Q: 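Dumping the structure here so I can ask a few things about it.
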2 protein chains.
Amino acid sequence: MIPDSPGGGRAAFVVVDWGTSSFRGWLMSAAGEVLAESRGSEGMLHCAAGPGFAPVLSDHLTRLGALQGVPVLICGMAGARQGWVEAPYIKTPTRLDALHEGAIRVEASGDIRILPGIAQAEAGRPDVMRGEETQLLGVTESDFTGLVCIPGTHSKWIKIEGGRVVEFSTYMTGELFSVIAQHSILAHAVETGAAPGDSPAFRDGLGAATAAPTGLTASLFRLRAAQLLGFEQRAHGSARLSGLLIGTELADAVWRHGSPRSLRLIGAGTLGRLYEAALTAQGLDVTTVDAEQASRLGLAKAAARIWGAT
Amino acid sequence: MIPDSPGGGRAAFVVVDWGTSSFRGWLMSAAGEVLAESRGSEGMLHCAAGPGFAPVLSDHLTRLGALQGVPVLICGMAGARQGWVEAPYIKTPTRLDALHEGAIRVEASGDIRILPGIAQAEAGRPDVMRGEETQLLGVTESDFTGLVCIPGTHSKWIKIEGGRVVEFSTYMTGELFSVIAQHSILAHAVETGAAPGDSPAFRDGLGAATAAPTGLTASLFRLRAAQLLGFEQRAHGSARLSGLLIGTELADAVWRHGSPRSLRLIGAGTLGRLYEAALTAQGLDVTTVDAEQASRLGLAKAAARIWGAT
């Protein structure tokens, strides 16, 4: 039996955001309504290491109550070289509404496709994304012009002109935060635990970084020196470190891609609010969209282009 | 018996560079000749964790053939809060030739003193050094004006005017190299092992960083993306990472402290040669002094001021 939405929509396809360490699937109506949802921790790393991808998908389809043979569209790391089937990167500049044309069909019973990532295949500024392109499709109109920021382990800034991704940059902000807080001398100066929220120490770090954005590697040592000399408490180290890294990212991204007419932020939770605060503090006018919703919207848009409205 | 130098100098004092993880001591004549040398791995961490400082020094004095009661002057982490006896920081601006006035006497039989570190105790740019101040004394004339660069785990850039340390900055360059190469996603892109030397990949990283010094955290991800997209080999990752970090340090230091009339580099080994190449590539005219020699010269200068020429 096919579950129906409260509005009575009939199940048209399943969409899946299959990341490095998570699986999120939705049964959708052709009109884009969510009929059912299934989540798990069977990300790309888990599947590649053991059970494979097909059985994991099959389990989730059962949980979603999807009929045999329902079309499935996947985005994210399942399409990486080390994933299920490689969906080769399409190259910048590229229209977001042509993303579905690069989808790769999985050799399996039924119609299962994986969306491609996007590569900036230029020797001077090589860069890649996989998963974020689908979020971009989800949050932009077909003629969108502006900048999109997607914070995270590897934050992305994407410049879009008339619905085309023209260039983008990835910042190792989130990963550097973890690595520095855990493995460097700053482990003595930063309390680990909950991610820091907005605070005076965060704003101070942000201000220091945007005022002197070439000085990150000196500011990191100063964070420690400030505590040794009694200017700052250890309790504020984490927020200051976060401010320094996010401020450095922000200053470079705006310098690199220009101060935008329109800025969309794809974020969630504490980190999303932190970026919102940081961008607003820089005088930027930002519209925030939830990250998971962005993925689902993008997948649904691409699926509707492949299989049409029924 | 007091060992005599080939020139016949009589032992006047012992000087010790006592760092975090090493001990280097020299028996010196009043004229500054080295009469004997003793080295070990009994650094501050080792001594603080177990045997204490006095017995380790005593052993080395015996190995040096020093007479009972010979005066000893120490610099480095033995004077840190977690060291033998804390020698409180003296504050910038400060004359290097007044360093010996801040020496702290250890409560022990004989005359044993520890030189202080230097602190930049300003809320906006807090910074500290301990050990490097003695190297600075060693490599500068009493009226020196210029910039000194001391590369390492925590690289220092020091602005000196008329023999006074007026400001300095510490860059976490060496430590970030290790932490990123070992604990981040770049572990897949960087071969660990021997420190990288000068090479085209090092120069490329240097050039990228000095051309866009706000972009370090993006350049780090690009290092990985370049390999994914086939623009670069893993074998060159280490040199590129080194170039990116050193280039970022260099660009910020020159922006912060001004392009110097006179630039001294206190370095040794592969890292010293790498900085020499980097500074020269930036059109800077650099004079290199060996790091160990700099420490010994500084200690000897300060010792001569304390105990006079005999």
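Convention: sequence-line order gives letters A, B, ...; per-chain numbering from 1. Computed from a prediction, not measured in an experiment: that's the story for all the values here. Computed over heavy atoms, backbone and side chain alike; hydrogens, waters and symmetry mates excluded.
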Q: Chain B heavy atoms under 4.5 Å from Gln182(A): which part of the residue, side chain, backbone, both or neither?
A: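 The answer is neither part of Gln182(A).
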Q: Given the options Leu176(A), Leu223(A), Ile180(A), which has more heavy-atom pairs under 4.5 Å with chain B than any of the others?
A: Leu176(A)
Q: If you count heavy-atom pairs under 4.5 Å between each of Ala225(B), Pro126(B), Ala121(B) and chain A, which one has the most?
A: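 That would be Pro126(B).
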Q: Check whether Leu228(B) gets within reach of chain A through its side chain, its backbone, both or neither, counting any heavy atom under 4.5 Å.
A: both
Q: Mind ranking Ser178(B), Ser184(B), Ala119(B) by heavy-atom pairs under 4.5 Å with chain A and telling me who comes out on top?
A: Ser184(B)
Q: Could you work out, with ring pair (Phe, Tyr, Trp, His ring centres under 6.0 Å) as the rule, every residue matching His183(A), not counting sequence neighbours?
A: His183(B)
Q: Side chain of Glu175(A), backbone of Ile185(B): donor and acceptor closer than 3.5 Å?
A: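 Between the backbone of Ile185(B) and the side chain of Glu175(A) there is a qualifying donor-acceptor contact (under 3.5 Å).
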Q: A side-chain contact here means heavy atoms from C-beta on lying under 4.5 Å apart; do Thr248(A) and Leu216(B) qualify?
A: no
Q: Side chain, backbone, both or neither: which part of Tyr171(A) has a heavy atom under 4.5 Å from chain B?
A: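 Backbone plus side chain of Tyr171(A), per the 4.5 Å heavy-atom cut-off to chain B.
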Q: Give me the atom names and distance for the closest heavy-atom approach of Tyr89(A) to Leu229(B).
A: CD1-CD2, 4.3 Å
Q: What distance do Glu249(B) atom CD and Thr217(A) atom OG1 have between them, rounded to the nearest 0.5 Å?
A: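 With rounding to 0.5 Å, CD (Glu249(B)) is 6.5 Å from OG1 (Thr217(A)).
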Q: Which pairs count as salt bridge (charged side-chain N to carboxylate O under 4.0 Å, His left out) when at least one residue sits in residues 236-247 of chain B, sequence neighbours excluded?
A: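 Salt bridge (charged side-chain N to carboxylate O under 4.0 Å, His left out) check on residues 236-247 of chain B returns Asp204(B)-Arg240(B), Glu232(B)-Arg240(B).
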Q: Starting from the C-alpha separation in whole Å, work towards a yes-or-no answer on side chain to side chain donor-acceptor pair (under 3.5 Å) for Thr170(B) and Arg224(A).
A: CA-CA 11 Å; Thr170(B) 304; Arg224(A) 168 92 167 134; over 6 Å; no
Q: Out of Ala212(A), Ala226(A), Ala218(A), which one racks up the most heavy-atom pairs below 4.5 Å with chain B?
A: Ala218(A)
Q: Chain A heavy atoms under 4.5 Å from Leu220(B): which part of the residue, side chain, backbone, both or neither?
A: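 Contact with chain A involves both backbone and side-chain atoms of Leu220(B).
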Q: Could you please state which residues from residues 250-257 of chain B sit under 4.5 angstrom from chain A, measuring non-hydrogen atom to non-hydrogen atom, sorted by number, or 'none'?
A: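 Near chain A, by residue number: Asp252(B), Trp255(B), Arg256(B).
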Q: Would you give the length of the straight line joining atom CD of Glu122(A) to atom CZ of Arg222(B), rounded to the nearest 0.5 angstrom?
A: 8.5 Å
Q: Which residues, numbered in order, of residues 148-158 of chain A come under 4.5 angstrom of chain B by heavy-atom distance?
A: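 Within residues 148-158 of chain A, the residues that come under 4.5 Å of chain B (heavy atoms only) are His154(A), Lys156(A).
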